[in-house]
Structure formats: C-alpha cells, structure tokens
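Below: one structure, written as structure tokens.
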There are 2 protein chains.
Amino acid sequence: MELKRATEGEKGFEKVFAFLRERLLAGSLKPGDRLISERELATLLGVSRPIVREALRALTVLGIVEIRDRIGTVVTRPDVSVLNDFFTFALAQQADMLDDVMQARVAIECQAIRLACERANIADFERLQRALVKIGETIDEADAGGMADFDFHRAIVVASHSETLTVLHGSLAGLLTHSHRSRRELVQAFPSMKTYLIDDHRRIFEAVIARDPERADATLRKHFAIGDEYRRRAIVGDIDKTSASG
Amino acid sequence: MELKRATEGEKGFEKVFAFLRERLLAGSLKPGDRLISERELATLLGVSRPIVREALRALTVLGIVEIRDRIGTVVTRPDVSVLNDFFTFALAQQADMLDDVMQARVAIECQAIRLACERANIADFERLQRALVKIGETIDEADAGGMADFDFHRAIVVASHSETLTVLHGSLAGLLTHSHRSRRELVQAFPSMKTYLIDDHRRIFEAVIARDPERADATLRKHFAIGDEYRRRAIVGDIDKTSASG
DNA sequence: GGTCTGATCTTGGTCAGACCAGTATGCTGA
DNA sequence: TCAGCATACTGGTCTGACCAAGATCAGACC
C-alpha cells in the first residue's frame, strides 16, 4: 500500500488525471494514439481501476479521449460537443441567458465576417451564395427557411477560416436553434420580414464579396438589430396570428 | 418516450448520467442542491458505486456539480474552468490555434465594449478608470503591467453586464495569459509601446465614457491591430533585447 | 436546563478481486 | 498455407470492504 509514491502528491483521481494531462499537453499523446490498458495504467500509477476509469471518463466528457468497448482508449481530436454539453447545462440553470447568448453569437459572427472578408475563397463565396439562394427559395417555409438562414450565417463563420470562432459559433448557435425557428412566426406576422430577410442577407453577401470588413460588420450588425426589433415588436403584442400553431 | 424513462435502456454510466442530466435540465436539481449519497444513487438506479462515481466525476469536470469530500455532492453554477480545460487541451494539440483564439477574444471584447457603452454604470466606469491608472503606474513593470492590462480589458467585458461574454472572455483570456506577459519584452524593445499602451487605453476608456459604441469598438479594434503589429515586428527580428530574460 | 463532548452514523475516497462479453491473436490441426 | 478454435487481452460492471473525517445526537458535565 505504500506503492503509491510512484507519482507522489495528488490523490487517486488527480494523480491519474494529471498524469494523462501531462502527456496530452506535452504532445506525447496525440490524437489517434491508443492509451495503455486501464489495468496497466492502474498498476503503473498505483491506483485502482475504478479510479483510472474516473479519469478516463472525465477526459471522455471533455472530448479528449474516446473509450472504445473492448478495444481500448484512444486520443481524439478535441470536439465541439463538449462546449455544447456545457452550455446546455449552463443555460438550463439560467434560462434568461438566452438573450445573453445571442450577444455572444453576434460577437462571434461580426468578427468572423471581418475575417471572412480577408480570407474567404471561391468555395466560401459559392457556399454563401448557395445559402443566399436557399433563403430566397424557402422564404415561405418554416423549418427549411430557418435552416437556410442558419446555413448562411454558418457559412460566414466557416469563411472566416477560424477554428475557434467556428467552434464557438457552433455551440452557441445550437442553443439558439429554437430561437431561430421562431423566425417562422415572425415571418407570418410581419410580411415585411420577407424583404428584410432577403435583402439583408444579400447586402451582407455583397459586402463579403467586396471584401469590405467595415461594411460587412456594420451590415451584419444592423441585420441582427432589425431582427431584434422584430422580435421585440412581436413580444410587445404586435402579433396575434401565432396562436394557430402549437 | 425517450425522455420519460431514459434511465432504463442505457447501460451503467449512461443510465446514471442521463438520470442526473434529466433532473439538472428539468430544473429539479438547482445550484446549491445536494444530491443523494453515492450509495443511495447506486441502489436507486441499480448500478454499482464506481459507476455512480464515474457519472459524478463527469459532471464535475463539466463544472455542473462539485463533489465535497465527506460532505456530499452539490450542484454548482456552471463554471468557466470547463472551457479552460477544454481549450487548454485543444490548444495543446493544435498550437497554431493561439492566433485563432485571439480572434475570438477580439470578437468578444468588441461586442462587450458596445454593450458596455449602453449598460455600464458608475461602478464600471470607476473600475475602468482604476485599471487605466494602474496601467500608467505599472508601465515599466513586467508582470504588474501585464496584469493591469488584463484588468482593464476584463473591466470592459464586465461592464457589458453579459454573463455569456464574461464567461467566454474569461476562458479565452486565460489561455492568452502568456501572450499578455510577452508584452514585457515588447515594451522593452519598443519605447513607443509605452505611449501606445497608455494613450490607446485612455482613448478606449473615453469612448466608453462617451457611450459611443461605434467609436469604442473601432478604437478597441485598432488597439488590437497595433498590438498585433508590434508583435509581428518583434517576430520579424526588429528586436534583440529579449535575450536577457528566460 | 443548557452546553460540551464523544461515540456513532454517514459520506466521499479507494481498493481488491471477480465475472462478463466481445476482440485480437496465436497456436494447432487440416 | 490456411481455417478454426482456445486464450489472453480489452473495457464494463459488480461486490464488499476499509479508511478518514464531517454530521449528529445522546449522555455527561457544568
């Protein structure tokens, strides 16, 4: 029982976690690598297997490793889902955060569009254009329209070629999915929404094509502001046609 | 169907995790609540204690609960540290992400400063001013200067009164700490850095005081751009005095 | 009666060993 | 040489146990 001094200080879980983190951060454990078996790890660090499992499980929910049944534990590439999980829990306990999350989304997208103006390539432009066309085509559809809208904004972020922005946007946007879908009622309530949606996105697209960061940012920002305004008006009671659907 | 008794199909860990997630998301488990003991949870769900511990540990690294030795497990308010952990790992495996993370930070701060212009109160102004003064006082100090710089930017984000932005900024900024500290060498190398640091921050401060979002955003953005420029120049080789320190 | 103290209960922290169910591999027999 | 089965692995889980220390409550003391 005195064997535990193998890696000193920490107790159990921390020891294993620290051990693995070290290798992960140092790079001696890279994505794709397979870890040694739980049993080996346990004896190596002088802890029991359940403890090793705790550590591995912790790394799993962090999206760092993947435990494959009867195969082994392998290092994976950090994945967005972690952030999603986190934000999901975080929001569940603070529902009023939704509006707040929107602010973060605006932040990400506005920065992304600036980068997009610099870095976007033909493929990005084409993706944006496709999304733009789709928005026009699905202007009267509920889910399809929302999805087209999302795709457009997503395309902007992707065009920024920034992994971090893309990741953050992905997790934030996921939370706002329903918010996006409520676009449906808005469109039904305000016919002017249609031209707003189409024209605004077109202007945004053009600004990116023109590679004009300032204009793109400003236009996108205005776009969000107008959307906010519509939403606000809808809440105030300017709307009464939404009672039809459940 | 799946939400109801989701606690039946899954095996072990998933069962416990799903069980707890349900309560967490439904709100029947709120921050501050104490969970039932591990043993009870185990018998309740028909699994062994080690499995329960895995689930609890998973929630712990997600920052959802906190396991207190010999006290029990309590629900906590989601914490930033999760994101920190994640980004730390993510960055370790993709070091080139650092520059990318900076983009996200710029995104957050620029949005935050806009909100700050609208929402900042006297206390926020005072905090900003204190930070500004500190920057002037510590202009020649290494760590203290970096910290003052950080505090100032932090104060901006706090003044936005946006929980989400604050959380995101916290996790991102943490990663860029060393980057911040490298300010030290830059100051030594470029005397002009001093006036840049002081004047820029003052201008930013004034824009917030004036509650002018556009100007604040633009000024802050320019501030970052200039910082980038200095860093770029330092890399290029315009600098040779840094060999003194390790 | 009220307060202090200590035994006991409870809680998390951990361990050891065991069994299951598939995978991977190697050895054996065709 | 190659197919097939035994076996040694892997993760997945359970059982029962021990430890240390906070929480609790009864009994002793003031």
Side-chain angles (χ1 to χ4, degrees), chain A residues 1-21 23-24 29-76 79, chain B residues 5-21 23-24 29 31-76 79 81:
Chain A
M1 24 192 92
E2 312 304 319
L3 298 169
K4 54 167 62 175
R5 51 152 159 247
T7 321
E8 85 278 332
E10 296 102 347
K11 27 197 60 190
F13 171 81
E14 291 296 338
K15 194 193 303 186
V16 184
F17 194 76
F19 175 84
L20 292 174
R21 167 167 43 201
R23 321 272 144 158
L24 255 355
L29 276 180
K30 297 177 298 296
D33 291 357
R34 188 157 127 245
L35 272 63
I36 58 179
S37 76
E38 299 178 353
R39 281 170 246 257
E40 281 182 277
L41 213 42
T43 60
L44 175 64
L45 296 177
V47 299
S48 65
R49 197 146 82 93
I51 300 301
V52 171
R53 301 212 89 232
E54 280 183 36
L56 293 180
R57 192 66 82 174
L59 289 173
T60 298
V61 300
L62 281 178
I64 313 298
V65 306
E66 184 183 341
I67 305 179
R68 292 184 189 158
D69 196 356
R70 273 153 270 147
I71 303 291
T73 306
V74 301
V75 183
T76 65
D79 182 26
Chain B
R5 313 243 357 181
T7 58
E8 287 197 344
E10 290 96 350
K11 29 194 57 185
F13 170 81
E14 290 295 339
K15 196 192 303 188
V16 184
F17 194 77
F19 175 85
L20 292 173
R21 167 166 45 197
R23 323 269 146 162
L24 256 355
L29 276 178
D33 290 357
R34 198 161 89 236
L35 271 63
I36 57 180
S37 75
E38 299 178 352
R39 282 170 246 258
E40 283 181 275
L41 212 42
T43 61
L44 175 63
L45 296 177
V47 300
S48 66
R49 197 143 85 90
I51 300 300
V52 171
R53 301 212 90 236
E54 279 184 37
L56 292 180
R57 191 68 81 176
L59 288 173
T60 297
V61 300
L62 282 178
I64 314 296
V65 305
E66 183 183 342
I67 303 179
R68 293 185 187 155
D69 196 356
R70 279 154 258 136
I71 303 289
T73 306
V74 301
V75 183
T76 65
D79 184 27
S81 58

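Chain letters run A, B, ... following the sequence lines, proteins first and then strands; every chain starts at 1. This is a predicted model, so every value here is computed, not measured.
Rounded to whole Å, the distance from CZ on B:Arg68 to C1' on C:dT10 is 17 Å. Distance A:Glu54 CD to C:dG12 P: 12 Å, rounded to the nearest Å. Between A:Leu45 atom CG and C:dT14 atom P the separation is 13 Å, expressed in whole Å. Computed from coordinates, the A:Leu35 CG to D:dC9 P distance equals 19 Å when rounded to whole Å. Between the CD atom of A:Glu38 and the P atom of C:dT23 there is a distance of 17 Å, given to the nearest Å. Taking atom CD1 of residue B:Ile71 and atom C1' of nucleotide C:dC9, one finds them 14 Å apart after rounding to whole Å. Here C:dT11 presents its P atom at 12 Å from CG of B:Leu41, a figure rounded to the nearest Å. Taking atom CD of residue A:Glu66 and atom C1' of nucleotide D:dT10, one finds them 15 Å apart after rounding to whole Å.
With hydrogens and angles left out, the side chain of A:Arg34 and the base of D:dT10 share no donor-acceptor pair within 3.5 Å. The base of C:dT14 is paired with the side chain of B:Arg49 by a donor and an acceptor separated by under 3.5 Å.
With D:dA21, D:dG11, D:dT10 as the choices, the nucleotide that has an atom nearest any side-chain atom of A:Arg70 turns out to be D:dT10. Of the candidates C:dG12, D:dT10, D:dT13, D:dT10 carries the atom nearest the A:Ser37 side chain, counting heavy atoms from C-beta on. Considering only side-chain atoms of A:Arg57, the nucleotide from D:dT13, C:dT14, C:dT11 that sits closest is D:dT13.
When the nearest nucleotides of DNA chain C are assigned to B:Glu40 and A:Asp69 by heavy-atom distance, the more 5′-ward of the two goes with B:Glu40. Heavy-atom distances to DNA chain D give each of B:Arg39 and B:Pro50 a nearest nucleotide, and the one nearer the 5′ end belongs to B:Pro50.
Nucleotide D:dC30 forms a pair with C:dG1, judged by Watson-Crick or G-U wobble geometry with both contacts under 3.5 Å.
The phosphate of D:dT10 (OP1 or OP2) has no side-chain N or O of A:Thr73 nearer than 4.0 angstrom. Close to C:dA16, at under 4.0 Å from its OP1 or OP2, lies no side-chain N or O of A:Ser48.
Contact annotation: the side chain of A:Ile51 never approaches that of A:Leu45 to less than 4.5 Å [non-hydrogen atoms, C-beta and beyond]. Within the 4.5 Å cutoff, the side chain of A:Phe13 has no heavy atoms near those of the A:Val47 side chain. Side-chain atoms of B:Val65 and B:Leu29, non-hydrogen and from C-beta on, never get closer than 4.5 Å to each other.
Here CZ of A:Arg34 is found 13.0 Å from CD of A:Glu66. Values are rounded to the nearest 0.5 Å. Rounding to the nearest 0.5 angstrom, the gap separating the CG atom in A:Leu41 from the OG1 atom in A:Thr73 is 8.5 Å.
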